[in-house]
Amino acid sequence: MSLIWKNSTGSTITEANVFEEVSGSIEFTDDDVRAVYIDWDDGVSNKKTESNYQWVQITEPKPTIDVSHTYTAT
């Protein structure tokens with residue numbers, strides 16, 4: 001699996017500022033992925049009840065899934 005983050009102008013980034021939206025394409029080496037769980041790590045903790053997370057589900061397997069997120073904390 002690989003992931004490349006980009007900012008709103010399409011430039012590749014390695015970090016983001018608070019309230020900055022980032023987007024990325026997760027590329028898979030397996031051909032049977034139908035869901036991805038992402039903990040964005042800007043919640044209170046990494047516990048599911050305190051984290052800022054996202055489930056991305058698709059009906060048919062794809063080689064990539066596009067995601068975006070606006071960070072609410074550093």
Side-chain angles (χ1 to χ4, degrees):
M1 180 171 67
S2 66
L3 174 62
I4 298 173
W5 290 113
K6 297 185 178 188
N7 63 15
S8 59
T9 64
S11 300
T12 302
I13 60 171
T14 57
E15 60 184 44
N17 297 314
V18 177
F19 304 118
E20 178 181 6
E21 182 179 55
V22 296
S23 61
S25 291
I26 303 171
E27 296 181 5
F28 304 105
T29 53
D30 295 329
D31 61 359
D32 60 351
V33 176
R34 292 181 183 242
V36 175
Y37 173 86
I38 304 165
D39 183 336
W40 294 104
D41 209 28
D42 59 344
V44 175
S45 76
N46 292 108
K47 294 179 187 176
K48 192 172 179 184
T49 57
E50 298 178 338
S51 66
N52 191 359
Y53 69 91
Q54 178 181 6
W55 268 107
V56 180
Q57 297 180 357
I58 55 177
T59 57
E60 295 296 324
K62 291 187 196 179
T64 63
I65 292 178
D66 297 324
V67 294
S68 63
H69 179 70
T70 301
Y71 281 90
T72 58
T74 56

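Fair warning: this is a prediction, and the values are worked out from it, not measured in the lab.
Looking only at side-chain heavy atoms (C-beta outward), Arg34 and Lys62 stay at 4.5 Å or farther from each other. Side chains of Ile38 and His69 form no contact here, defined as non-hydrogen atoms less than 4.5 Å apart. For the pair Val67/Val36, no side-chain contact is recorded, criterion being any heavy-atom separation below 4.5 Å from C-beta on.
Scored by the side chain to side chain donor-acceptor pair (under 3.5 Å) test, Ser11 finds Thr9 as partners (sequence neighbours excluded). By the side chain to side chain donor-acceptor pair (under 3.5 Å) test, Ser45 is found to be paired with Glu50, residues two or more places apart in sequence or in another chain being considered. Applying the side-chain contact (heavy atoms from CB on, under 4.5 Å) criterion to Asn46, with sequence neighbours excluded, gives Asp39, Asp41. Qualifying side chain to side chain donor-acceptor pair (under 3.5 Å) partners for Asp66, counting only residues two or more places apart in sequence or in other chains: Ser25. For Tyr37, the ring pair (Phe, Tyr, Trp, His ring centres under 6.0 Å) partners are Tyr53, Trp55, not counting sequence neighbours. Residues forming a side-chain contact (heavy atoms from CB on, under 4.5 Å) with Asp30 (at least two apart in sequence, or on another chain): Asp32, Val33. Remark: Thr59 pairs with no residue by the side-chain contact (heavy atoms from CB on, under 4.5 Å) rule, at least two apart or across chains. Take Glu20 and apply the side chain to side chain donor-acceptor pair (under 3.5 Å) test, not counting sequence neighbours, and it matches no residue. Scored by the side-chain contact (heavy atoms from CB on, under 4.5 Å) test, Thr64 finds Glu27 as partners (sequence neighbours excluded).
Of all heavy-atom pairs spanning Ser68 and Gln54, the tightest one is O-OE1, 3.7 Å.
Taking the six-membered ring for Trp and thresholds of 30 and 60 degrees, Tyr71 and Trp40 have ring planes more than 60 degrees apart, a perpendicular arrangement.
Here CD1 of Ile65 is found 6.0 Å from CD1 of Ile26. Values are rounded to the nearest 0.5 Å.
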